[in-house]
Amino acid sequence: MSTPVDDPLDPLSRERSHLAGSRAALRAMREDVESLDISDVTANWVNAEVLARQIDERIKALADLSDTPLFFGRLDYLHAPGAEAAEGAEGERFYIGRRHVHDAEGDPMVIDWRAPVSQPFYRASKKDPLDIGLRRRFGYTGGDLTAYEDEHLSDPAAVTLSGSAGVARTSKLLQQEIERPRVGPMRDIVATIQPEQDEIVRSGLGGTVCVQGGPGTGKTAVGLHRVAYLLYAHRERLARTGTLVIGPNKSFLHYIEQVLPALGELSVRQATVDDLVAHVEVRGADDSTAAVVKGDARMAEVLRRAVHAHVSMPTEPVVVVRGSRRWRVPAYELEETVRELLDRDIRYGAAREALPQRIAHAVLVQMERSGEAPDDRVQDAVARNSAVKAAVKAIWPPVDPAKLVLRLLTDADFLAEHAAEILSEDEQKTILWAKPVRSVKSAKWSAADAVLIDEVNDLVSRTASLGHVVLDEAQDLSPMQYRAVGRRCTTGSATILGDLAQGTTPWATRSWDEALAHLGKSEGVIEELTAGFRVPTDVIAYASRLLPHIAPGLAPVASIRENPGFFEIREASGTAEVVVACGELLRQGGSIGLIAADARIPALAEALTEAGLTYLAPGEETTRTTRLTLVPASLAKGLEYDYVLLDEPQAVVDGEPDERTGLRRLYVALTRAVSGLVVVHGAGLPVQLG
């Protein structure tokens, strides 16, 4: 922070000097933390361990990444920025970066991008300058500051780009950053967040936001940056309640795993829906018809009925013997207690724990009427009485979630009893297992079965709720999977990210209103992102030919990239020609994704190996520098590559159970390119592409 007066002779050198000073200050901050001595801390060993872990996380958060700019922008305020700017003086200047950096006196040298004073960097415009006189963007080559761009918001005509090559007439830094080649894992977008994205990022913790965004609109990055912002604005609360990012598969999570650490946030857990419901080992798979029925929200009522069917009304009184006295609770009174607990609709397990205390209370009432003066210890002793325990076991027996679901899937009469007027006879037959199963351990559970077990687990015992959950690629979840996610944020909020046009499961989401209802977040706000920052114009225009067939009425993405991108369709008679095309793309800069129908992956892998071309599997980009990735179409969602070579589009369509799902899978594959797309085919192209 300093007064907004530049050295007119060499402003770039001045900015480089501030960068060097900021890096030195960050090193000093890190060294201060590293030098902390907690050996004499007068606390128990648990507190000492917690403190040591917090210090270690703080050291990691203060790491200076040489290839990541410490700051990317500057704001020169015309007046004091306001009370939230803490020490704001007239003409104050703020450097905007990924984390807060201060000097030895405590004065800020870099302001965290999430701070209120940083917000005008993303929101200020020539129409509404928000009291900003100058907004400066910086350009970097590696970790070296090489250029800057000035936007004088009080003078809309004045824009300057300066750097080692001199002065240019038109601003290019923002466009260059957006179009920078994608190599390795996903990176943050703090330098390029747009106003409509910033509104979502900075939306409050109390509300749930659902973001519909086509390919390249930055919805995943927006969701991750919203987590980072919420952790900044509500750190103490979320430190207690926790945050979670849910992705579609492990490859996707590997791809995005570096974004939050780069922003200094190390404590956010990442998982798939399958991870959340891993109560049993998944060793089987359903056909699409059975999976659709098991994923239907109606199954929740079937399971609820089956759980509560274990409760039976008492027909015998409970007789408690204490000393020489016998206390009798009649059957009708027990029945009233049971019906009251059922009417309260509390968790099955909680009601079961409450029942012995209710019976004990009824005994204590009789004791008091007879002149005794029992206390809480007596009530607890009565609740543990063998007669009471026996009655509770008979009336409200324990329920094992996995055993219950197993019985539903293997006992036709039990399923028919509880699915009556909910599932048709054909639907019941669809989900029944053909062969009997001896035990839970020997059962070949499917992913959909695990979700059903999770539902029962919650009916028995409440699932712990987190403070905030981000759910990406949400369009592929079934209603029962939405319920599983919703249980993890019943007392918190959620950010839902997806694109209805990219739904590739038989149960794909039809509308976001339905999805929010299944999540238990009907009050959530739906936002739509339509500006494309990643996919080139020619590529997204070609892919959008599929929209009328896969998502009628959905607005196509409008690419804002100045570079139209490289786009080519060529015929190839075999895998050898596909390998040749890979070699051509490898002579370009950036990453290359060879995307193909899953069934064609083995043949392509063999051809690449024979040609001596090294390749990775999706997700390995975070640990290795090889630029070519061989991507099964089923794993392409959420990933991006500088260049994409798409093999046999018709095979991608044919690899799915129905044409519409196949066309959606193709839409996903077509829109993974950042700079260029080459479509190779020997068979004909799908007619929907024109």
Side-chain angles (χ1 to χ4, degrees), residues 1-8 11-12 14-15 17-19 21-22 69-103 105-139 145 147-162 170-175 177 188-205 222 225-226 228-230 232-234 263 531:
M1 183 177 65
S2 58
T3 55
V5 179
D6 278 323
D7 179 354
L12 190 59
R14 182 186 179 94
E15 299 295 15
S17 176
H18 187 80
L19 176 61
S22 299
L70 193 55
F71 56 79
F72 47 82
R74 196 185 91 187
L75 292 176
D76 290 358
Y77 274 83
L78 296 173
H79 307 95
E84 70 274 11
E87 302 184 19
E90 282 198 19
E92 218 164 19
R93 169 181 300 162
F94 298 93
Y95 287 83
I96 312 302
R98 287 168 173 77
R99 67 201 65 192
H100 175 86
V101 179
H102 60 257
D103 60 19
E105 285 72 40
D107 293 327
M109 299 190 70
V110 180
I111 299 293
D112 194 301
W113 66 276
R114 298 167 288 188
V117 76
S118 303
Q119 184 170 331
F121 184 78
Y122 305 105
R123 301 281 187 92
S125 65
K126 295 168 184 177
K127 290 184 178 180
D128 186 10
L130 298 177
D131 203 40
I132 301 299
L134 178 142
R135 173 169 54 201
R136 174 169 287 181
R137 298 181 188 273
F138 296 105
L145 198 163
Y148 69 87
E149 162 201 308
D150 281 348
E151 187 177 5
H152 298 272
L153 296 178
S154 57
D155 181 5
V159 177
T160 306
L161 180 68
S162 178
T170 307
S171 167
K172 295 290 184 182
L173 287 183
L174 183 61
Q175 197 70 31
E177 176 63 22
D188 66 69
I189 61 166
V190 289
T192 60
I193 294 174
Q194 299 300 294
E196 64 273 17
Q197 295 175 324
D198 190 63
E199 289 182 9
I200 297 171
V201 167
R202 295 177 191 264
S203 55
L205 176 61
V222 166
H225 287 67
R226 188 180 182 211
Y229 171 76
L230 293 175
Y232 175 89
H234 307 278
L263 300 173

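- With sequence neighbours left out, the side-chain contact (heavy atoms from CB on, under 4.5 Å) criterion links P129 to L153.
- For H234, there are no ring pair (Phe, Tyr, Trp, His ring centres under 6.0 Å) partners two or more places apart in sequence or in a different chain.
- Atoms CH2 and CD, on W113 and Q119 in that order, are 11.0 Å from each other to the nearest 0.5 Å.
- In terms of the side-chain contact (heavy atoms from CB on, under 4.5 Å) criterion, residue partners of S125 (sequence neighbours excluded) are, by chain and number, K127, D128.
- Remark: R123 pairs with D198 by the salt bridge (charged side-chain N to carboxylate O under 4.0 Å, His left out) rule, at least two apart or across chains.
- Listed for the D131 side chain is a donor-acceptor partner under 3.5 Å among the backbone atoms of H79.
- Looking at residues two or more places apart in sequence or on another chain, you find a side-chain contact (heavy atoms from CB on, under 4.5 Å) between A233 and Y229.
- Between P120 and I132, the shortest heavy-atom distance links the atoms CB-CG1, 3.7 Å.
- Note: F138 and Y95 have parallel aromatic rings, judged against thresholds of 30 and 60 degrees for the angle between ring planes.
- In this structure, CG on D107 lies 9.5 Å from NE2 on H102, to the nearest 0.5 angstrom.
- Partners of S203 according to the side-chain contact (heavy atoms from CB on, under 4.5 Å) rule, which considers only residues two or more places apart in sequence or in another chain, are V209, R226.
- A donor-acceptor distance shorter than 3.5 angstrom exists from the side chain of H225 to the backbone of I189, with no hydrogens or angles considered.
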- Message: What verdict does the side-chain contact (heavy atoms from CB on, under 4.5 Å) test give for E151 and L134, after you've listed the backbone C-alpha separation in whole Å, the side-chain angles of each residue and the deciding distance to 0.1 Å?
- Response: CA-CA 6 Å; E151 187 177 5; L134 178 142; over 6 Å; no

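- Residues meeting the ring pair (Phe, Tyr, Trp, His ring centres under 6.0 Å) test with F72, sequence neighbours left out: F121.
- Remark: S118 pairs with no residue by the side-chain hydrogen bond (donor to acceptor under 3.5 Å, both in side chains) rule, at least two apart or across chains.
- Residues V110 and S22 approach most closely at CG2-OG, 3.7 Å, considering heavy atoms.
- Annotation: the span from I96 atom CD1 to R74 atom CZ amounts to 10.5 Å, rounded to 0.5 Å.
- Partners of D112 under the side-chain hydrogen bond (donor to acceptor under 3.5 Å, both in side chains) rule, at least two apart in sequence or in another chain, are R114.
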